[in-house]
Amino acid sequence: MKSLIVCFSYHHNNTQKIAEVMAKMLDAQVKPPEEVSPEELLQFDLVGFGSGIYGEKYHEHLLEFVDRLLHVTNKKAFIFSTSSMEEAVKNHLLLREKLKSKGYTIVDEFNCRGFNTNSFLKLFGGLNKGRPNADDLKHAKEFAMNLAISNK
Ligand SMILES: Cc1cc2nc3c(=O)[nH]c(=O)nc-3n(C[C@H](O)[C@H](O)[C@H](O)COP(=O)(O)O)c2cc1C
């Protein structure tokens with residue numbers, strides 16, 4: 001199974017850390033959206049889409065990238081995020097729907113907490129310091145291992 005991970009991570013590189021652990025298990029590369037063309041994506045059977053959560057949704061760069069994707073059949077995707085709060089169901093809704101409308105089957109979803117120093121939070125040392133931590137990375141690794149096994 002040929003896999004790729006498309007990840008936009010900028011605030012503290014929290015999601016990038018998760019992406020890299022997953023990539024190792026899936027023998028995949030991690031690329032930012034601006035380095036992937038919609039045509040290139042067609043050669044992969046499984047694509048992971050990840051970013052931090054901003055204003056209760058995935059980052060605009062990732063959402064706009066998905067808007068440009070070509071329609072596919074028989075392609076699988078997984079989505080993953082880091083965020084201040086664990087509200088993955090709500091925060092994942094828009095990306096999930098966009099990918100489904102492009103023809104992707106969402107096989108699984110992952111979320112964990114990420115360090116957040118947005119706005120006034122930095123005055124108090126930020127939220128979720130140290131996240132993702134070793135446990136989060138372990139969960140990400142297990143998540144990707146399951147994907148590798150169940151999508152062989
Ligand atoms: C401008 C901004 C808006 C954010 N909005 C949310 C939000 O709506 N919900 C949430 O749970 N976390 C929010 N966060 C926290 C980020 O999702 C969290 O820090 C994430 O781990 C950042 O990922 P990154 O380092 O990969 O960019 C926000 C952070 C920033 C900087």
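Both counts, for ligands and for their atoms, begin at 1 and track the order of listing.
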Select the closest option to atom 12 (N) of ligand 1 among Gly126, Ser84, Ser9, judged by heavy-atom distance. Ser84
What one should report as the nearest heavy-atom pair of Ala77 and Phe49 is CB-CE1, 3.8 Å
Using a strict cut-off of less than 4.0 Å between a Lys/Arg side-chain nitrogen and an Asp/Glu carboxylate oxygen, indicate whether Glu142 and Lys138 qualify as a salt bridge. yes
Under the salt bridge (charged side-chain N to carboxylate O under 4.0 Å, His left out) rule, collect the residues that match up with Lys75, sequence neighbours excluded. none
Near Glu56 (heavy-atom distance under 4.0 Å), the atoms of ligand 1 are 7 (C), 8 (O)
Return the residue, atom name and 0.1 Å-rounded distance of the protein heavy atom closest to atom 21 (O) of ligand 1. Thr82 OG1, 2.6 Å
State whether the number of non-hydrogen atoms from other residues, nucleotides or ligands found under 6.0 Å of Asp27 atom CG is greater than 12. no
Would Gly55 count as being in polar contact with ligand 1, using the rule that some N or O on each side must be under 3.5 angstrom apart? yes
Contacting atoms of ligand 1, where contact means under 4.0 angstrom from a heavy atom of Asn13: 25 (O)
Is there a salt bridge (charged side-chain N to carboxylate O under 4.0 Å, His left out) between Arg113 and Asp136? Walk through the geometry before answering. CA-CA 8 Å; Arg113 296 205 180 194; Asp136 297 320; over 6 Å; no
Hydrophobic cluster membership, Leu41 vs Val30, 4.5 Å side-chain cutoff: no
Considering non-hydrogen atoms of the protein only, which is the closest contact for atom 25 (O) of ligand 1, and what is the distance? His12 N, 2.8 Å
For ligand 1, which atoms have a heavy atom of Gly114 less than 4.0 angstrom away? 19 (O), 21 (O)
So between Phe115, Tyr54, Tyr58, whose heavy atom ends up nearest atom 24 (P) of ligand 1? Tyr54
Return the option from Ile53, Thr117, Asn116 holding the heavy atom at the smallest distance from atom 16 (C) of ligand 1. Ile53
Counting heavy atoms only, name the option from Asn118, Asn91, Leu121 that's nearest to atom 31 (C) of ligand 1. Asn118
Evaluate whether atom CD of Glu86 has more than 12 neighbouring non-hydrogen atoms of other residues, nucleotides or ligands under 6.0 angstrom away. yes
